[in-house]
Amino acid sequence: MYYLAFAIFFALNFSLWFIIPSLTLRYIIRPGRKRKDANLNNELFIYGFLTALYILIYILFYRYFSIAINDLGTVETGTIGYFTTEISNLSLMTILFFAVSVFQCVFTFYLAKKLFKLKKVNIGYVICSLTGFFNIITYWFSNSILKLNLYSFDMDKIFLNSILKIDYELLLFLFPVMVFVTFAFSFLEESN
């Protein structure tokens with residue numbers, strides 16, 4: 001039952017937040033005349049590096065938070081467990097994961113847009129799908145395995161609490177929002 005729930009969750013979120021926006025982005029981007037770009041290989045390398053960095057940072061993020069949650073013990077539903085030890089490591093992982101994930105998602109959007117313009121549609125879909133796959137997996141692990149919604153930093157750390165609450169959730173919405181904004185601008189340009 002657990003695997004079925006994950007499969008339904010993954011299929012729904014993957015199609016809703018990444019496949020449909022990718023198809024929409026492909027539809028609104030007009031292909032250019034040139035089919036080659038001298039910087040494309042460098043940008044694909046940067047994307048690969050960002051994806052590897054994203055995976056590494058999330059593994060560290062998961063490890064440090066898992067240790068901290070185990071040190072706190074079990075938290076009853078309805079109560080919040082506050083992190084009290086290893087705050088510097090947890091803070092660093094929270095900020096690093098937020099920064100890398102946002103940058104990777106924005107770069108995915110930029111690269112997909114460029115690939116669709118260069119008529120490299122399949123590579124564009126692969127890029128969007130990889131980003132979507134990792135974003136949904138990290139969201140699932142953060143909510144279902146770590147259950148980070150039951151934990152928080154101390155009340156005075158508002159900045160860290162905000163990032164902790166939005167970083168893995170923002171990932172699901174950032175890409176479609178950028179596609180929607182592009183769609184809105186392209187619609188406005190055509191109507192004028």
Side-chain angles (χ1 to χ4, degrees), residues 3 6-63 93-146 148 163 166-190:
Y3 296 111
F6 172 73
I8 292 169
F9 171 84
F10 185 85
L12 182 66
N13 283 285
F14 190 67
S15 59
L16 198 59
W17 306 121
F18 290 93
I19 296 300
I20 293 172
S22 297
L23 293 170
T24 306
L25 186 65
R26 166 73 177 100
Y27 174 74
I28 59 177
I29 298 297
R30 293 195 177 141
R33 291 185 179 183
K34 67 176 185 174
R35 290 184 172 230
K36 290 188 178 180
D37 188 313
N39 295 327
L40 186 59
N41 286 337
N42 293 337
E43 289 168 344
L44 287 171
F45 176 78
I46 291 169
Y47 174 79
F49 175 77
L50 282 174
T51 303
L53 189 62
Y54 177 91
I55 294 166
L56 176 67
I57 294 292
Y58 188 75
I59 289 169
L60 292 172
F61 177 91
Y62 182 88
R63 179 180 178 273
M93 288 302 112
T94 302
I95 292 167
L96 274 177
F97 180 62
F98 179 76
V100 169
S101 58
V102 168
F103 192 66
Q104 190 226 17
C105 199
V106 170
F107 195 76
T108 298
F109 173 77
Y110 159 78
L111 192 54
K113 201 172 165 184
K114 185 176 201 175
L115 288 164
F116 291 147
K117 192 171 272 192
L118 294 171
K119 300 179 184 175
K120 296 189 182 293
V121 179
N122 291 339
I123 300 173
Y125 287 140
V126 167
I127 296 289
C128 296
S129 298
L130 272 176
T131 299
F133 174 78
F134 288 120
N135 287 349
I136 292 167
I137 293 293
T138 54
Y139 181 85
W140 175 266
F141 272 82
S142 297
N143 276 332
S144 298
I145 311 289
L146 287 178
L148 282 180
I163 291 177
I166 68 169
D167 60 1
Y168 50 87
E169 293 176 8
L170 176 72
L171 296 178
L172 292 182
F173 302 111
L174 187 59
F175 184 76
V177 164
M178 287 188 290
V179 172
F180 176 75
V181 169
T182 304
F183 178 75
F185 278 123
S186 66
F187 183 75
L188 287 173
E189 285 173 8
E190 286 182 12

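Between Leu118 and Lys36 the shortest heavy-atom distance is CD2-O, 4.1 Å. Closest approach of Pro31 to Arg26, counting heavy atoms only: CG-NH1, 4.4 Å. Here the shortest heavy-atom pairing between Leu40 and Leu115 reads CD1-CD2, 3.7 Å. Val100 and Leu50 make their closest contact through CG1-O, 4.3 Å (heavy atoms, listed as atom of the first residue, atom of the second, distance).
In this structure Lys114 satisfies the salt bridge (charged side-chain N to carboxylate O under 4.0 Å, His left out) test together with Asp37, Glu43, sequence neighbours excluded. Taking Val102 as the reference, Phe98, Val106, Leu170, Leu174 meet the side chain to side chain contact (heavy atoms under 4.5 Å, CB included) condition, with sequence neighbours excluded. Contacts of Phe183 classified as ring pair (Phe, Tyr, Trp, His ring centres under 6.0 Å), with partners at least two apart in sequence or in another chain: none. Take Ile59 and apply the side chain to side chain contact (heavy atoms under 4.5 Å, CB included) test, not counting sequence neighbours, and it matches Ile55. For Tyr139, the side chain to side chain donor-acceptor pair (under 3.5 Å) partners are Asn143, not counting sequence neighbours. Residues forming a side chain to side chain donor-acceptor pair (under 3.5 Å) with Thr131 (at least two apart in sequence, or on another chain): Tyr47, Thr108. Here Phe6 pairs with Phe10, Ile137, Trp140 under the side chain to side chain contact (heavy atoms under 4.5 Å, CB included) rule; sequence neighbours left out. Partners of Ser142 under the side chain to side chain donor-acceptor pair (under 3.5 Å) rule, at least two apart in sequence or in another chain, are Tyr58. Contacts of Tyr110 classified as ring pair (Phe, Tyr, Trp, His ring centres under 6.0 Å), with partners at least two apart in sequence or in another chain: Phe107. Considering only residues two or more places apart in sequence or on other chains, Asn135 meets the side chain to side chain donor-acceptor pair (under 3.5 Å) condition with Tyr54.
For residues 113-132, the pairs satisfying ring-ring contact (aromatic ring centres under 6.0 Å, His included) are Phe116-Tyr125, with sequence neighbours left out.
Residue Phe173 places its CZ atom among more than 12 non-hydrogen atoms of other residues, nucleotides or ligands, all under 6.0 Å distant.
The closest side-chain heavy-atom distance from Ile123 to Leu111 is not below 4.5 Å. In this structure, the side chains of Leu130 and Thr51 stay at 4.5 Å or more apart for every pair of heavy atoms. Put simply, the side chain of Ile136 reaches to within 4.5 Å of the side chain of Phe9, judged on heavy atoms.
Remark: the backbone N or O of Leu12 is paired with a side-chain donor or acceptor of Ser15 at under 3.5 angstrom.
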- [ ] Check the pair Phe61, Leu148 against side-chain contact (heavy atoms from CB on, under 4.5 Å), reporting the backbone distance first and the verdict last.
- [x] CA-CA 11 Å; Phe61 177 91; Leu148 282 180; 3.7 Å; yes
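To the nearest 0.5 Å, atoms CD1 (Ile57) and CG (Leu96) are separated by 4.5 Å.
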Would you give me the side-chain donor-acceptor pairs under 3.5 Å for residues 17-25, sequence neighbours excluded?
| residue | atom | partner | partner atom | Å |
| --- | --- | --- | --- | --- |
| Trp17 | NE1 | Asn13 | OD1 | 3.0 |
| Ser22 | OG | Phe18 | O | 2.6 |
| Thr24 | OG1 | Ile20 | O | 2.8 |

